[in-house]
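Side chains are part of it too, since the values below use all heavy atoms of this structure and drop only hydrogens, waters and symmetry mates.
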Amino acid sequence: QAPLVESGGGSVQAGGSLRLSCEPSASVYKPACMAWFRQAPGKGREPVALISGRSYGDVITKYGGAVKGRVNISRDNGKDTIDLRMDNLQPEDTATYYCAASTDHFQCLQFRAYIIWGQGIQVTVSS
C-alpha cells in the first residue's frame, strides 16, 4: 500500500474550486507535518500548504506565496487525513499536486524534510 493516497483532482474551469484529500497509511505514524506541493510541466516543485501533525499542541498552517488567500488546508482531528480546498483556480494552477509527510518537527514548518510522498494527482484548470 502506498504510504500516502491522494484523491480529488480533476479538471475545472478558471474560477472554479477543487478539494484534494490525502490519507496516510498505517505505516505513516503521527507525522510531524503534512503538506501539499505541486509541480507544473517544465517547472520545479513548489510548496502549496502545510499543516502540523497531531503531536503539536496547536494547529499550525502555512501557505505558499502563489496560492495564499485562495487555498485552505485542514486536518481530520481524529486521524491524519488532510484536505486542501482550492478556490478561484487559474490556468497557472495547473500542475501535479503531491501530498507529503515529514517526521522532522524542526524543519517541516519550513516546507523542508518531507521524505514521504504520494504518487501525485493531476489538477487541470482551463481558461
Identify the heavy atoms of L4 and A100 that sit nearest to each other, and give their distance. CD1-CA, 3.6 Å

Nearest heavy-atom approach of S127 to P91 is CB-CG, 3.8 Å

Can you see which heavy atom on D104 is nearest to which on F106, and at what distance? OD1-N, 2.8 Å

Measure across Q90 and G15 and return the closest heavy-atom pair with its distance rounded to 0.1 Å. NE2-N, 3.9 Å

Determine yes or no for a side-chain-to-main-chain donor-acceptor pair under 3.5 angstrom, with T94 supplying the side chain and V125 the backbone. yes

Keeping the roles fixed (side chain from E6, backbone from G120), state whether a donor-acceptor pair exists under 3.5 Å. yes

What I'd like to find out is whether the side chain of P31 reaches to under 4.5 Å of the side chain of D80, using heavy atoms alone. yes

Would you check if L109 and L50 make a side-chain contact, meaning some heavy-atom pair closer than 4.5 Å? yes

Y63 and V48, any side-chain heavy atoms less than 4.5 Å apart: no

Could you go step by step and tell me if Q122 and T96 meet the side chain to side chain donor-acceptor pair (under 3.5 Å) rule? CA-CA 4 Å; Q122 182 66 34; T96 301; 3.1 Å; yes

If Ile, Leu, Val, Met, Phe, Trp and Tyr residues are connected whenever their side-chain heavy atoms lie under 4.5 Å apart, and connections chain through other members, are Y97 and V12 in the same group? yes

Using side-chain heavy atoms (C-beta onward) and a distance below 4.5 Å, is R19 in contact with L84? no

Hey, does the side chain of Y56 reach the backbone of C33 with a donor-acceptor pair shorter than 3.5 angstrom? no

Quick test of your reading of the model: are R85 and D87 salt-bridged, counting only N-O distances below 4.0 Å? yes

Could you tell me whether the side chain of I73 reaches within less than 4.5 Å of the side chain of I82, counting heavy atoms only? yes

Go through the steps to decide whether C99 and W36 satisfy the test side-chain contact (heavy atoms from CB on, under 4.5 Å), and finish with yes or no. CA-CA 5 Å; C99 179; W36 287 94; 4.0 Å; yes

Without swapping roles, check the side chain of Q107 against the backbone of F111 for a donor-acceptor pair under 3.5 Å. no

Can you tell me how far the CE atom of M34 sits from the SG atom of C108, to the nearest 0.5 Å? 11.5 Å

State plainly whether one hydrophobic cluster holds both L18 and V5, where clusters connect Ile, Leu, Val, Met, Phe, Trp and Tyr through side-chain heavy atoms under 4.5 angstrom apart. no

Can you find a pair of side-chain heavy atoms, one from V123 and one from D93, that are under 4.5 Å apart? no

Is there a donor-acceptor pair under 3.5 Å between the side chain of S102 and the backbone N or O of A113? yes

Value rounded to 0.5 Å, distance of CG in N72 from CE in M86: 12.0 Å

Could you pull out all residues at least two apart from Y114 that satisfy ring pair (Phe, Tyr, Trp, His ring centres under 6.0 Å)? F37

Taking side chain as C-beta onward, heavy atoms only, is P24 less than 4.5 Å from T81? yes

Has S52 got a side-chain atom pairing as donor or acceptor with I60's backbone, closer than 3.5 angstrom? yes

NZ/NE/NH1/NH2 to OD/OE distance under 4.0 Å, R75 and D83: no

Cation over ring, R45 on Y98, under 6.0 Å and within 45°? yes

